[in-house]
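Sequence lines set the chain letters: A, B, ... in the order given, protein chains first and strands last, and positions in each chain run from 1. Keep in mind it's a predicted model, so treat the numbers as computed, not measured.
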Protein chains: 2
Amino acid sequence: MADLVYRKILADLKQRIQNDEFPTQKLPDERSLMVEYDVSRSTVKRALNIMANQGIIFKKRGSGTFINPLYQKNQTIFQYEGSNLGVTDSFKSDGKIPSIKLLEFRVIPANEELQTELFLNPGDFVYEIKRLRSFDDQPFMIELGYIPIKVAPGLSVETVEGSIFNFLEGSTGKTVTKSFMTIAAAPSTPEDQELLNLKPVEPVGIMEGIFFLDDGTPFEVSNMRLHYKYLNYNTFVNLDENG
Amino acid sequence: MADLVYRKILADLKQRIQNDEFPTQKLPDERSLMVEYDVSRSTVKRALNIMANQGIIFKKRGSGTFINPLYQKNQTIFQYEGSNLGVTDSFKSDGKIPSIKLLEFRVIPANEELQTELFLNPGDFVYEIKRLRSFDDQPFMIELGYIPIKVAPGLSVETVEGSIFNFLEGSTGKTVTKSFMTIAAAPSTPEDQELLNLKPVEPVGIMEGIFFLDDGTPFEVSNMRLHYKYLNYNTFVNLDENG
DNA sequence: AAGTGGTCTAGACCACTAC
DNA sequence: TAGTGGTCTAGACCACTTA
């Protein structure tokens, strides 16, 4: 994976931007990069397009390729994940120790909504997994997840007390790299308040996600209720659609 | 723009998926599409890659290209924008009439944070624009925006009572297609409660965005406080990074 | 007019999956 | 073994910006 040519160019250019090797904020033109890296122009463009889609650079026809000043000058602003895949990993822990408390774990028939979202048939069963996640004994998230039995037949209590994605990757080699997320906010319920140590006036952030396996199978529907101080979702939005 | 070959293939394939022309959930292989559309394989791949990045299809090496069942079968789930560009346009109005009330409009020197985010120098000035947006007299968002004078010198009271992005596009031809967004939630302040008709226990959703011009110039910093029922942010997240 | 990014081609070879 | 998507090449021509 890391020996792919366009990946190496991508990584190298990112590093060079960090090192401030382009003080004019302008990258060399594509034909120069082609010579410098001894690759075709297509390969240069591939690396540059990925950086453009990530908001690292802006390309302007007729004039050149320019660094997004915010990417280089202010990493504190421009730190983003745009994702919640592998929750234990993607929430910033700041050195705090993450833990999981299993609140509920059972098998139920999929209701109509779950059938739609997980592409199941009537009569199919799903695990219902309710977990409370904490950092250093400070609970920050109630997670209610539904996983079809047929895509993860081996789930046990021990498994769901850790990272389900890691278990899946270890046992089947499949990874979860795609999801469809919805983000909202709501007043906290009494249960939220009790589990997350919230005052009645303090709200929760809600993240709902459908997670997909690499082959497109919907793998999990997850409803996450977060202590509002922990909802901080960053994305770079690009409406250009130049894939 | 719309006469680009890869765009036509993209539009055509999307339409054919909607029309259920691929009942097996599998698209023709790339070499067949190449012949069918009479283009090179690269062009086929370009269209397919965009669809994959949008979550419409999944590609699996060795086996083929498959439709995301949720895209085809459930458009109500899979409607997303992943964006807040052009707020008046992108918030769903459901036939309700959008309106803007100008609460504040003045010119101030950019503070340190704004200097960083808008890439300004000490002494540069910005417009401060505070607006209340409503649908059918139901206020849903307080918007506090900062725009450098030098990137939009012609702003007037009349202008900021409408769509600033539309004004910009009309007067300079520049469009805003990229932004960096942060989404959070918080208890409502007394001002929120008054302006948005919220009860003290009801929260606000917060969207902060830095919007960029096509050439990479940061154009606006916007802090949006939304009635919590109106925060509903959808994105398709793809960690593959195969841009 | 020169320079730069965008689109597209025709084809080679590789990696993975299914049978 | 055959089929499929992934990577990469070498080059042509176009569209836009700058001078």
Between the side chain of Arg131(B) and the main-chain N/O of Gly162(B), is any donor-acceptor distance below 3.5 Å?
yes

Scan Lys60(B) against the nucleic acid and name what it touches under 4.0 Å (heavy atoms): base, sugar-phosphate only, or nothing.
sugar-phosphate

Whole-Å distance, Lys59(A) NZ to dG6(C) P, equals 4 Å

Per Glu30(A) side chain, nearest of listed nucleotides dT7(D), dT7(C), dG6(C):
dG6(C)

Using a 6.0 Å cut-off, check whether atom CD of Glu112(A) has over 12 heavy atoms from anything other than its own residue.
no

The answer to which of Pro28(B) and Gly62(A) contacts DNA chain D further toward the 5' end, by nearest nucleotide, is Pro28(B)

When the distance from CE of Met34(B) to P of dC8(C) is rounded to whole Å, what number comes out?
15 Å

Against the side chain of Arg61(B), the closest entry in dC8(C), dG5(D), dC8(D) is dG5(D)

Please report the distance, rounded to the nearest Å, between CG in Asp3(A) and P in dC14(C).
14 Å

Would you say Lys45(B) reaches dG5(D)'s phosphate, i.e. side-chain N/O to OP1/OP2 under 4.0 Å?
no

Is it the case that the base of dG6(C) and the side chain of Arg46(B) share a donor-acceptor contact (distance under 3.5 Å, atom types as modelled)?
no

Under the 3.5 angstrom rule, does the side chain of Gln115(B) hit a backbone N or O of Ala110(B) as a donor-acceptor pair?
yes

So, is Thr43(A) close to the dT9(D) phosphate, meaning a side-chain N or O under 4.0 Å from OP1 or OP2?
yes

Among dT4(D), dC13(D), dA10(D), find the nucleotide with the atom closest to the side chain of Ser40(A).
dA10(D)

Mind calculating the distance between CG (Asn49(A)) and P (dC8(D)) to the nearest angstrom?
14 Å

Polar side-chain atom of Asn49(A) near backbone of Lys45(A) as donor-acceptor pair, under 3.5 Å:
yes

Euclidean distance, atom CG of residue Asp29(B) to atom P of dT17(C) [Å, nearest integer]:
17 Å

Tyr6(A) side-chain N/O to dT7(D) phosphate OP1/OP2 under 4.0 Å:
yes

Once you round it to whole Å, what is the distance between P of dG5(D) and CG of Asp214(A)?
16 Å

When you look at CD of Glu36(A), are more than 12 heavy atoms from neighbouring residues, nucleotides or ligands closer to it than 6.0 Å?
yes

From CD1 of Ile9(B) across to P of dC8(C) the rounded distance in Å is 8 Å

Comparing Ser42(A) with Ser63(A), nearest DNA chain C nucleotide closer to 5' gives the residue Ser63(A)

Would you mind reading off the distance between Ile57(A) atom CD1 and dT4(C) atom C1', rounded to a whole angstrom?
13 Å

